[in-house]
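Just so it is clear: chains get the letters A, B, ... in the order the sequence lines come, proteins before strands, and each one is counted from 1.
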Protein chains: 2
Amino acid sequence: MTDSPEILSRLARYQAAAKAAGVKLTHQRLEIFREVASSLEHPDAESVFRAVQIRLPTVSLDTVYRTLWLLHDLGLVATLGPRRGSVRFDANLEPHHHYVCTRCGLARDFTSAELDVMRIPDAVQTFGSIVTTHVEVRGVCGGCAAKSAAAGQPDLPPSGQEARRET
Amino acid sequence: MTDSPEILSRLARYQAAAKAAGVKLTHQRLEIFREVASSLEHPDAESVFRAVQIRLPTVSLDTVYRTLWLLHDLGLVATLGPRRGSVRFDANLEPHHHYVCTRCGLARDFTSAELDVMRIPDAVQTFGSIVTTHVEVRGVCGGCAAKSAAAGQPDLPPSGQEARRET
DNA sequence: CCTGCAAATAGGAATGATTGTCAATGACTG
DNA sequence: CAGTCATTGACAATCATTCCTATTTGCAGG
């Protein structure tokens, strides 16, 4: 709520990008933008919904979802963790890291002696105990890239309504 | 399906741990163990279910879930990505990393010049393009640790049925 | 300032993933 | 070999998310 310059800058960027994308700047979108821009904790749709609801009692959760994904598709927010969907299990107990395709969800392990010894800043300890540490690399896997090439568009970062649904 | 020594070793570990934990080694559990132990891709419950169904046409998806979480609670498998639940959005576009509490889902950003320049093994490129790279640190946050201390047990890694449900 | 239309919204139903409930079944102990 | 309790399967329930659709609204022109 204390509008720092960082937050105002984000908000301005959201509005500019929305305008540039030719989408309408509705009251509900502006409120959702404000909420997301000022979030420090990484909120889920429900949280944003509850917060926005205070000022705009009639917003629908659906609109919050659509606006959040709009920001995502415009490249203005990211999602925490790989593609949602279902919980996935990892039988590999050795230290390792993950490559995850943001299109199809393909996940592969890789190892790196260098990364295994990475030093985590002391400040992190103030958040809590550290149990595991690993690197998550995201990208578009070979299979999905081939599919994109076969279709029309080349290898762009996932955006647009259709890019969201896959597992 | 080609039972490598690694896989056989995992399987043996699962059975030993299950026995040690005093849970029964049922036919369905053994099949699910086998399936998980031999998985290279990180499967979700559905995938394991479909695979096990071939040999055991009557298994229920419920049993697969229960067994998967059993393995998880015994510390024999991990989950990919932070605690499931809902998609969470991140308005921070600067390079940064995440600390995530495995109990309550609290997520915090941290930065590290050292980690920002980490080198990803070339082999990863064979999986596909690399769009983002960041470190995910998991642990138990201060708040949850305090709660645990207040209750009975001290600061153990999340295990047991109750440790799963929170957001 | 008024009008029309495509885009956007509210709501509620639908979907997919996951978990809870409970009676029947089966794995081990004595 | 029988009894007991964990385990299972079927199904209902829940949660997050998306779909559908009638209604409303932002905004370009007149």
Side-chain angles (χ1 to χ4, degrees), chain A residues 14-15 18-33 42-50 52-53 55-74 79-89 105 160-167, chain B residues 14-15 17-33 42-50 52-53 55-74 77 79-89 105 160-167:
Chain A
Y14 294 176
Q15 298 186 199
K19 187 168 298 183
V23 302
K24 295 173 181 170
L25 284 178
T26 64
H27 191 186
Q28 24 280 84
R29 276 183 178 160
L30 289 174
E31 289 297 343
I32 295 168
F33 285 178
H42 303 297
D44 57 13
E46 268 293 319
S47 306
V48 174
F49 176 58
R50 279 196 299 271
V52 171
Q53 223 173 13
R55 304 179 173 207
L56 225 81
T58 65
V59 273
S60 71
L61 179 56
D62 199 18
T63 296
V64 173
Y65 270 106
R66 275 184 272 119
T67 303
L68 251 18
W69 285 120
L70 169 71
L71 286 173
H72 177 263
D73 291 349
L74 292 176
T79 57
L80 205 55
R83 182 82 33 271
R84 73 69 214 285
S86 43
V87 182
R88 301 175 61 174
F89 296 85
Q161 305 286 98
E162 2 46 57
R164 236 185 288 131
R165 235 14 215 102
E166 304 89 20
T167 307
Chain B
Y14 294 174
Q15 298 186 199
K19 187 168 297 182
V23 302
K24 293 174 181 169
L25 285 179
T26 64
H27 192 185
Q28 24 278 83
R29 276 183 179 160
L30 290 175
E31 288 298 343
I32 295 168
F33 285 179
H42 303 297
D44 57 13
E46 270 292 319
S47 306
V48 174
F49 175 58
R50 279 196 299 269
V52 171
Q53 222 174 14
R55 304 180 173 207
L56 226 83
T58 65
V59 273
S60 71
L61 179 57
D62 305 63
T63 297
V64 173
Y65 271 106
R66 279 187 293 238
T67 304
L68 251 17
W69 285 119
L70 169 71
L71 286 174
H72 177 262
D73 292 347
L74 291 176
V77 303
T79 57
L80 203 55
R83 181 84 30 274
R84 74 66 209 289
S86 43
V87 181
R88 300 175 63 174
F89 296 85
Q161 305 286 100
E162 0 50 54
R164 239 185 288 130
R165 241 5 221 107
E166 304 91 17
T167 307

Task: Phosphate OP1/OP2 of C:dA17 contacted by A:S86 side-chain N/O (<4.0 Å) - done: no
TODO: Tell me whether the OP1 or OP2 atom of D:dT17 has a side-chain N or O from A:W69 closer than 4.0 Å.
DONE: no
Open item on the list: Between P on C:dA10 and CD on A:E31, what's the gap in Å once rounded to a whole number?
Closed with: 12 Å
- [ ] By nearest nucleotide on DNA chain C, pick out whichever of B:L25 and A:L61 is the more 5' one.
- [x] A:L61
Open item on the list: Without decimals, in angstroms, what is the distance between B:I32 CD1 and D:dT8 C1'?
Closed with: 10 Å
- [ ] Specify the separation, in whole Å, of atom CG of A:L70 and atom P of D:dT18.
- [x] 14 Å
Open item on the list: Let me spell it out: for each of A:T26 and B:K24, pick the nucleotide of DNA chain C with the closest heavy atom. Which residue's pick is nearer the 5' end?
Closed with: A:T26
Task: Distance-only donor-acceptor test, B:R66 side-chain atoms vs D:dG9 base atoms, 3.5 Å - done: yes
TODO: Looking only at non-hydrogen atoms, find the nearest pair between B:A45 and B:V64 and report the distance.
DONE: O-CG1, 3.6 Å
Task: With A:F89 via side chain to side chain contact (heavy atoms under 4.5 Å, CB included) - residues at least two apart - done: A:V87, B:L68, B:W69, B:V77, B:T79
Task: Most 5' of B:S60 and B:V87 on DNA chain D, judged by nearest nucleotide - done: B:S60
Task: Backbone N/O of A:L80 and side chain of B:R88: donor-acceptor pair under 3.5 Å - done: no
Task: Separation of atom CG in A:L80 from atom P in D:dA16, rounded to whole Å - done: 16 Å
Open item on the list: Distance check needed: C:dT9 P versus A:H27 NE2, whole Å only.
Closed with: 12 Å
Task: Rounded interatomic separation in angstrom, taking CZ from A:R29 and C1' from D:dG26 - done: 11 Å
Task: Side chain proximity check, B:T67 to B:T26, heavy atoms < 4.5 angstrom - done: no
Open item on the list: Applying a 4.0 Å non-hydrogen cut-off, can you work out what A:Q28 is touching in the nucleic acid: base, sugar-phosphate, or nothing?
Closed with: sugar-phosphate
Open item on the list: Is there, by distance only and without an angle test, a donor paired with an acceptor across the side chain of A:D62 and the base of D:dC20 below 3.5 Å?
Closed with: yes
Task: Length of the OH-P vector between A:Y65 and C:dG16, whole Å - done: 16 Å
Open item on the list: Rounded to whole Å, how long is the line connecting atom CG of B:L68 with atom C1' of C:dT18?
Closed with: 12 Å
Open item on the list: Quick check for you: among C:dC28, D:dG9, C:dA8, whose closest atom lies nearest to any side-chain atom of B:T58?
Closed with: D:dG9
Open item on the list: List the residues meeting side chain to side chain donor-acceptor pair (under 3.5 Å) with A:R29, not counting sequence neighbours, and say none if there are none.
Closed with: none
Open item on the list: Given C:dA10, D:dT7, D:dG9, identify the nucleotide with an atom nearest to the side chain of B:V59.
Closed with: D:dG9
